[in-house]
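Residue numbering restarts at 1 for every chain, and letters A, B, ... go by the order of the sequence lines. Since we're looking at a predicted model, the values are computed, not measured.
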Amino acid sequence: MVDSLLEPVVLFFILGFLTNFLKVELRLPEAIYETLSIYLLVGIGIKGGLQLSKIHDISTVIIPILGTIALGITIPFVAYFILRQLGRFGPADAAAIAAHYGSVSAVTFAVVQTYLDRLKIPYDGFMTLLVVVLEIPAIAVGILIARLRASKEKPNYRQLAHEVFLNKSTYLLFGGLIIGYAAGAERIGPVGVVFVDLFKGFLALFLLEMGIVASRRLGDLRKVGLFLVAFGIGMPMLSALLGIVVGLVCGLSLGGTAILATLAASASYIAAPAAMRIAVPQANPTYYLTASLGITFPFNVIFGIPLYYWLTQLIFHL
Amino acid sequence: MVDSLLEPVVLFFILGFLTNFLKVELRLPEAIYETLSIYLLVGIGIKGGLQLSKIHDISTVIIPILGTIALGITIPFVAYFILRQLGRFGPADAAAIAAHYGSVSAVTFAVVQTYLDRLKIPYDGFMTLLVVVLEIPAIAVGILIARLRASKEKPNYRQLAHEVFLNKSTYLLFGGLIIGYAAGAERIGPVGVVFVDLFKGFLALFLLEMGIVASRRLGDLRKVGLFLVAFGIGMPMLSALLGIVVGLVCGLSLGGTAILATLAASASYIAAPAAMRIAVPQANPTYYLTASLGITFPFNVIFGIPLYYWLTQLIFHL
Amino acid sequence: MVDSLLEPVVLFFILGFLTNFLKVELRLPEAIYETLSIYLLVGIGIKGGLQLSKIHDISTVIIPILGTIALGITIPFVAYFILRQLGRFGPADAAAIAAHYGSVSAVTFAVVQTYLDRLKIPYDGFMTLLVVVLEIPAIAVGILIARLRASKEKPNYRQLAHEVFLNKSTYLLFGGLIIGYAAGAERIGPVGVVFVDLFKGFLALFLLEMGIVASRRLGDLRKVGLFLVAFGIGMPMLSALLGIVVGLVCGLSLGGTAILATLAASASYIAAPAAMRIAVPQANPTYYLTASLGITFPFNVIFGIPLYYWLTQLIFHL
Amino acid sequence: MELVKRTLLTIISEAAIERLLVKDLQKLGAHGYTIMEARGGGAHGERMADEEHNRNIQVEVICERAVAEKIIEHLTQTYYRDFAMVSYFSEVEVVRPHKF
Amino acid sequence: MELVKRTLLTIISEAAIERLLVKDLQKLGAHGYTIMEARGGGAHGERMADEEHNRNIQVEVICERAVAEKIIEHLTQTYYRDFAMVSYFSEVEVVRPHKF
Amino acid sequence: MELVKRTLLTIISEAAIERLLVKDLQKLGAHGYTIMEARGGGAHGERMADEEHNRNIQVEVICERAVAEKIIEHLTQTYYRDFAMVSYFSEVEVVRPHKF
Ligand SMILES: Nc1ncnc2c1ncn2[C@@H]1O[C@H](COP(=O)(O)O)[C@@H](O)[C@H]1O
Ligand SMILES: Nc1ncnc2c1ncn2[C@@H]1O[C@H](COP(=O)(O)O)[C@@H](O)[C@H]1O
Ligand SMILES: Nc1ncnc2c1ncn2[C@@H]1O[C@H](COP(=O)(O)O)[C@@H](O)[C@H]1O
Ligand code: NA
Ligand code: NA
Ligand code: NA
């Protein structure tokens, strides 16, 4: 645990996270934040595409994809149920928060990869594909629940499909995957140096900023109530368990299962908030932003990842 | 051809180019666009300076420079003539467009270098110098034609000279050249890593953005009419032929000639639009921007470069 | 001397510095300037932390730290005295300028490190710690003098302490130090590539911008009078001498002493101006900005560093 | 130079709904609009533009009084409940009245 | 839709004092404020926002006339001597008068 | 605190001519000006500031009515034909009338 705290990218996150407590005025400019997101998404995609290009029998990917889709549909429903029944949230707020927890955080994915790479734990070559797959259904399910439960309008299915399949994150991840796959290891050359070899350094810079953003969100902790704080820690653990089960059932490797668990545990804070503000305007953004960005994201980066890996090991060695 | 489409930097361009068709909302922030332009211009310059510092007999550069100046004066006149006679454009619009096609696109230069480097085709060490040389006369000629044909005011020659010799692009390219030349391979060290070795990765990121920008321009295609679309593809081919002739006459290598052809074919979309908006305000920016950025740039990056190289080979082996 | 002018990072600075004279319109976007500052501060910190992690007996650091604190308190008093007595400046202006010259420029530190690294001159592993130490007292002393001499209000000591210990620069430098120290050489890996190996390339880009900023400041030269111009060159030389004396007394190496001299000679232009505008609003920003940014910074980067190194050698070989 | 009175409608709201607002303006008869980045504070707390979701925009529309009234009516019904929003009128004089 | 008159106070000043200004506004009774990035020129020379220390901001406050007068009085005493600053009133109409 | 009436002239136009505009303003007697980044739409289509050539600026000048009229006259003759441009007057009150 202490060991994983000494990982430089985690240290960068903590450096950012402390700014709010120490009242240090520090922010990366918005333009850099946006550019780093684009860079990281494409970089994750390219790395995944290069790994994918080494898989011989592409049909081995089908079962994990189906399992991941099931996971992506299940989690928002479970989250919605918990938020409604235990948390006493209204349907709009519950649906919007649920969409966040069904979706994924690509940066958390990058951190868990970094974690496993350092421990030299191998994982399946198609994990990045699963990120894309897991991202897609959750936002759709969230919007659908919201539309059905919290508004009188009929959902605009065409616009919904566009938002879900062609949002910025999905497009960049998928585009990177295709570039990596099409170019392959021989052609990627110096482009690979910038997007793959330097990846971890720029991830560190991004995590500095994410730490700052997350710690600012903590200021709203009082506003969201104790239940949501507990949810922000408990829900990812529950999702991680579901992820481990799916990983086992679909025959993923140990490393792959730990990654799927982390993906399931992660909550979106880029695609989902933007989509929800428009699709479910009645939902209070303070709830979903504070939960996913202020609680779940730091929890996952600092404690969650080693925990999910440890849990996966435990279950694999049963 | 397919092979050249699999080049990662071209794939990045295509990834950007598709956004408009798929209605994906993606942009690199303006600040990054500007910074990457500066970086790429200096990087092109430094690489050129390092190559230049290896040339023993600097007098071999004189004939190619003179040939390039001739090329830079000829192309805008040819373009002006075609636009006036065949395209029935007014003098202001014709002059402004002509200036764009006489000038060069440094990014297209970077892409053709990348293309030849991958094929391991050598080229003359002074090609970057020719970029600077080719950029300078065209804008001046364009402004002069415009002033003589489309306005009553006498051209302000001092301001014109400043705009032509000391615009941002020329200054950065030339500054980079001098830094590369003065520092040389032994001193450039880690600065060379960032500006030369990582160049292609950042070029890819820039081309992602250029693809987005170019594809947005396509929305104005209806406004510019069929003639300009044809001009945007035909003019670069004509200029490429002129470039090949000049390359042959001046004794450039095969690679150098292919580069000169590409330079001739490329159209400016940074220095020229800014200069023309002020110097020829009556000209409609939609025309020159759509032609140079929406048509000629993508054509060159995707199809033009392999075509000009193939043409050069053909003519060299006559 | 000529040799040090051929150093690429210095050439980048000069390329920026000439823009104002040649009326070239060139600026790096504000967002990039800010991001590069953050990157450089963290990078300096990490490099220093890695060096620090190699020191066996940490107690050897105590004496140099004490000496540096003494230096950081002395310089602003000396500067204040000179500005009041010889320069006839009012107490507010004198105090504000003095704070700038007591504080340090982290970028100048990076340039002197680059200079010594290229000459392969070794220096003590704790120099980055001294940057932090030297930065802290000067701003405090400046604010204190100003409060005592130029205003009736009692200084708000808590806010003062916060400004001094938890300003952005100090936080990032110190944070980087801790990350480098905690992660150590084995863990820093690819994060080290971006923040240490690529450092010089990004420093070059930043110096391009600093050159532009500095040269714009020169426009205000007429407004500040001849005395301040002389002060902007004479004061750093005096401070450098004090720095050499402290270095000698505290037993620093030759390289370490040259660095301490340069640190003493450098003037702040990020933390100090922001702090002074609020703490001493009566002071005219044109004075301190022009002196520290327009005169002292370029002087140090181009001439000062080789000079201080030469002086250090001279005194060491007495 | 003859100057004619028109109404300047200013809307300050969340950047998230820029697209929706522009569509509404065009539908309700505005011939043009100007948008600027903004931040601020009000009943919905601080919106200091330090993250995408708390960025504001200020939208300005010069139009005839009747159009401005139609727009503000629409805004009140559509956005006031769920979004941070302030809007107000002021009186301006323009040179080319047909344009607005 | 009933519209009520309020005063729009606009302040253009140095970005360095943004925090101080916002605190002052809140203390003096403003219920909200909007800030935009600006550059410009005036008695203190060109402030073209090309460096942190010459960046301007434009602050807008909609409030009752009395509050606006209290604020401008305070600005005059506190900042006019040492800082680049311009401020002015204009008359606007709002829908929800209780808000301002 | 005595407040005096002045005219606020607002110009929205292409960023490309910022330099020319500022020179004109100074020549025609403005003592200061404020510039903000803007985007928008109007007769010249969408100018959404997503590329350098379709960036707008909003320029504000507080001055005497006569100066404002001279400026708007000049703008009409010099720029209205070739450039995207909108400008309008509004009435404001200032504290230090000699400044404007
Ligand atoms: N009294 C006011 N004066 C100026 N701007 C305001 C005022 N109240 C609110 N705003 C702006 O309008 C936005 C939304 O207001 P609100 O819905 O009250 O939170 C705020 O973030 C401010 O930018
Ligand atoms: N007459 C004016 N019209 C519009 N803005 C002005 C005017 N005078 C000054 N300003 C703005 O107010 C800032 C401070 O003004 P000053 O204190 O006169 O330097 C300037 O940088 C401009 O942005
Ligand atoms: N009716 C309007 N209200 C507010 N801003 C406008 C209006 N019409 C035009 N603009 C602004 O002025 C710029 C130039 O206008 P135009 O010349 O009509 O294209 C546009 O890009 C908008 O930013
Ligand atoms: Na999830
Ligand atoms: Na050309
Ligand atoms: Na110093």
Side-chain angles (χ1 to χ4, degrees), chain A residues 2-36 39-40 43 47 110-111 113-115 117-120 190 192-209 211-212 215, chain C residues 28-43 45-47 49-50 53 158-159 161-199 201-202 270-271 274-275 278:
Chain A
V2 169
D3 183 81
S4 104
L5 285 178
L6 291 180
E7 162 61 41
V9 300
V10 176
L11 290 173
F12 268 83
F13 182 77
I14 294 171
L15 186 64
F17 204 65
L18 293 176
T19 53
N20 202 37
F21 303 100
L22 300 174
K23 297 202 188 311
V24 178
E25 282 202 51
L26 180 64
R27 279 307 300 266
L28 253 72
E30 188 66 18
I32 299 301
Y33 178 83
E34 269 176 57
T35 308
L36 284 176
Y39 164 86
L40 293 176
K47 193 178 166 194
V111 178
Q113 275 191 321
T114 290
Y115 180 81
D117 287 349
R118 196 164 52 74
L119 298 182
K120 305 213 165 54
V193 175
V194 168
F195 282 89
V196 181
D197 301 357
L198 301 184
F199 183 86
K200 215 175 142 183
F202 289 117
L203 175 63
L205 195 61
F206 191 74
L207 281 170
L208 173 65
E209 169 68 5
I212 300 169
S215 79
Chain C
L28 253 71
E30 188 67 17
I32 298 302
Y33 178 85
E34 269 176 57
T35 308
L36 284 175
S37 325
I38 292 172
Y39 164 85
L40 294 175
L41 288 164
V42 174
I46 289 181
K47 193 177 165 193
L50 292 172
S53 70
R158 254 196 83 194
Q159 194 191 315
H162 186 271
E163 233 158 76
V164 163
F165 288 101
L166 288 172
N167 69 66
K168 197 174 97 173
S169 320
T170 310
Y171 185 75
L172 286 169
L173 263 178
F174 202 70
L177 261 176
I178 288 176
I179 291 177
Y181 190 83
E186 335 76 63
R187 277 161 192 286
I188 201 73
V191 172
V193 175
V194 168
F195 283 88
V196 180
D197 301 355
L198 300 184
F199 184 87
F202 289 116
I270 297 180
I278 299 297

Practice problem: Assign the ring pair Tyr39(A) / Phe199(A) to parallel, tilted or perpendicular, where the plane angle (0 to 90°) is split at 30° and 60°. | Solution: parallel

Practice problem: Please check if atom CZ in Phe174(C) has more than 12 non-hydrogen atoms from other residues, nucleotides or ligands closer than 6.0 Å. | Solution: no

Report which part of [X] has an atom under 4.5 Å of a heavy atom belonging to chain C: side chain, backbone, both, or neither.
{"X": "Leu208(A)", "value": "side chain"}
{"X": "Ile32(A)", "value": "side chain"}
{"X": "Arg27(A)", "value": "backbone"}

Quiz item: With only heavy atoms counted, which part of Ile46(C) is less than 4.5 Å from chain A, the side chain, the backbone, both or neither?
Solution: side chain

Quiz item: Side chain, backbone, both or neither: which part of Ile188(C) has a non-hydrogen atom closer than 4.5 Å to chain A?
Solution: both

Quiz item: Where is the tightest heavy-atom contact between Ala31(C) and Pro29(A), given as atom of each residue plus distance?
Solution: O-CG, 3.3 Å

Quiz item: If you tally heavy-atom pairs under 4.5 Å against chain A, which of Ile179(C), Ile38(C), Asp197(C), Val193(C) wins?
Solution: Ile179(C)

Practice problem: Could you walk me through whether Phe165(C) and Tyr171(C) pass the ring pair (Phe, Tyr, Trp, His ring centres under 6.0 Å) test, one step at a time? | Solution: CA-CA 8 Å; Phe165(C) 288 101; Tyr171(C) 185 75; over 10 Å; no

Quiz item: Of the options Leu26(A), Thr19(A), Leu22(A), which is the one that meets Leu166(C) in a side chain to side chain contact (heavy atoms under 4.5 Å, CB included)?
Solution: Leu22(A)

